[in-house]
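Nothing fancy with the numbering, it's 1 onward along the sequence.
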Amino acid sequence: MRTNGRKQGALNATAKFVATPEGTALAYGSLVFMALLPIFFGALRSVTCSKSKNAADMPETITSRDAARFPIIASCTLFGLYLFFKVFSQEYINLLLSVYFFALGVLALSHTMSPLMTKVFPASFPNKQYQLLFTQGTGESKEEIVNYEFDTKNLVCLLISSVVGVWYLLKKHWIANNLFGLAFALNGVELLHLNNVSTGCILLGGLFVYDVFWVFGTNVMVTVAKSFEAPIKLVFPQDLLEKGLEASNFAMLGLGDIVIPGIFIALLLRFDVSLKKNSRTYFYSSFLAYIFGLGLTIFVMHTFKHAQPALLYLVPACVGFPVIVALFKGELTEMFSYESAEEVLPGSPRLTSFPTVSGSPASLASSMDAVSMMTGSSPRHRRLQPTSM
């Protein structure tokens with residue numbers, strides 16, 4: 001589009017940027033690779049997490065009732081954010097959100113790094129235990145608000161994560177954004193557990209409709225995505241080869257498109273483990289299905305130059321592939337009768353609110369996934385301007 005005026009021409013300078021085939025391929029390939037990391041490692045960690053004796057690390061279980069309510073609550077929250085951005089100053093809202101996500105991002109990244117730090121530090125390292133406890137009331141009416149257990153290694157993780165957090169808070173750099181985004185996604189896949197395959201189908205089916213409606217039916221999701229400055233997506237610059245780390249034209253993928261299929265894939269891995277056949281058939285079939293679905297999303301988006309609801313392609317692939325495998329193996333009834341709750345210690349928390357924030361990493365993960373679902377669960381490919389989502 002051509003416009004008159006020197007000032008307008010300067011404003012449209014970045015709008016005329018056209019990514020090279022190499023830059024586009026690098027951006028899309030990097031997004032796919034980054035999306036696979038939290039799903040693969042989060043699923044593996046979810047198996048260990050389900051057997052954890054640490055109350056702070058126990059998973060939150062999503063029941064069929066939760067799954068049925070989630071798209072409705074997510075839609076109400078998304079529309080509420082849309083109205084907020086229409087009525088109130090975008091600058092002040094994003095300032096509050098930046099502080100909020102800074103705190104959650106530091107804790108989530110710290111929890112993600114913790115297993116690595118355990119291997120890095122020598123056994124002789126003096127590792128002291130700490131507990132952060134906030135309660136409300138006294139006597140029998142005392143109620144825990146925050147109960148966060150940590151040690152010296154966790155403090156080191158917090159320090160490193162805080163450096164990343166300050167970097168993100170001050171610069172909003174895309175690498176810092178991705179570090180937080182990957183941490184949120186991995187925490188979500190690890191700590192949010194579907195109780196059975198039927199619940200997973202209800203959740204994915206409901207969010208399939210949610211994603212299609214809010215992307216194709218209205219401009220609400222696109223408006224919120226453009227206004228919302230938070231690490232609720234993974235981004236990669238298409239002009240990296242031309243501008244280096246200061247590149248500003250991004251391809252992006254919402255965390256909801258990673259976490260939602262990811263928790264279903266993690267459920268299938270736990271089902272594989274429960275079969276005790278030393279096989280990961282359902283995990284690998286659903287993992288390959290995710291790659292196929294995401295690749296199809298990118299292909300359609302690139303071909304038609306229009307944002308696509310990724311769950312439109314991911315849900316049929318991630319549900320259909322394992323079901324077909326189960327039919328061929330004669331294990332369909334066994335797959336749908338599997339209860340993941342059997343793998344979880346009694347008394348593990350159930351997801352009952354959207355979002356919820358407390359001191360445990362599990363609650364942080366559920367909060368972040370709820371926010372990402374509500375605000376931008378589909379990938380956006382924007383050539384015209386730097387992302388400010």
Side-chain angles (χ1 to χ4, degrees), residues 38-40 42-52 57-74 187-210 256 258-277 279-290 293 311 314-354 356 362-363 365-366 369-370 373:
I39 292 178
F40 186 84
L44 294 178
R45 288 174 60 159
S46 77
V47 177
T48 305
C49 168
S50 66
K51 301 172 184 177
S52 173
D57 290 334
M58 283 199 299
E60 296 202 24
T61 303
I62 302 176
T63 67
S64 58
R65 183 181 178 185
D66 300 324
R69 291 187 306 163
F70 195 88
I72 299 173
I73 298 173
N187 274 269
V189 175
E190 175 188 359
L191 297 167
L192 287 174
H193 285 199
L194 295 163
N195 64 350
N196 54 51
V197 173
S198 297
T199 298
C201 292
I202 293 171
L203 180 65
L204 267 67
L207 292 175
F208 173 91
V209 176
Y210 161 90
I258 301 172
V259 175
I260 298 305
I263 60 178
F264 187 75
I265 294 171
L267 170 68
L268 293 177
L269 175 59
R270 296 194 298 276
F271 171 60
D272 278 325
V273 172
S274 73
L275 294 176
K276 296 180 171 62
K277 293 183 179 180
S279 171
R280 301 292 181 266
T281 304
Y282 295 101
F283 170 66
Y284 288 128
S285 64
S286 58
F287 191 74
L288 290 175
Y290 180 84
L311 295 182
L314 291 173
V315 169
C318 291
V319 174
F321 278 42
V323 168
I324 292 173
V325 171
L327 279 171
F328 274 106
K329 297 186 68 175
E331 296 176 340
L332 187 63
T333 302
E334 194 171 358
M335 184 172 76
F336 275 88
S337 62
Y338 167 71
E339 289 287 337
S340 180
E342 296 172 0
E343 305 296 320
V344 182
L345 295 174
S348 66
R350 185 175 69 85
L351 187 61
T352 56
S353 60
F354 306 89
T356 175
S363 298
S366 64
D369 298 325
M373 276 297 312

For the student: nearest non-hydrogen atoms of [X] and [Y], plus distance:
X    : Y    : value
I202 : A67  : CG2-CB, 3.9 Å
S274 : F271 : OG-O, 2.6 Å
P322 : Y282 : O-CE2, 3.7 Å
A68  : P71  : O-CD, 3.6 Å

Side chains of [X] and [Y] in contact at under 4.5 Å (non-hydrogen atoms):
X    : Y    : answer
M335 : V323 : yes
E331 : K277 : yes
L311 : L204 : no
F70  : I73  : no
F321 : F287 : no
I39  : Y290 : yes

May I have the list of side-chain donor-acceptor pairs in residues 261-268 shorter than 3.5 Å, sequence neighbours left out?
none

Got a second to check how far [X]'s [atom1] is from [Y]'s [atom2], nearest 0.5 Å?
X    : Y    : atom1 : atom2 : value
R270 : L194 : CZ    : CG    : 7.0 Å
D66  : S64  : CG    : OG    : 8.0 Å
L314 : I258 : CG    : CD1   : 10.0 Å
T281 : L269 : OG1   : CG    : 11.5 Å
S279 : K329 : OG    : NZ    : 5.0 Å
F208 : C201 : CZ    : SG    : 13.0 Å

Restricting to side chain to side chain donor-acceptor pair (under 3.5 Å), what partner residues turn up for T199, sequence neighbours left out? N195, N196
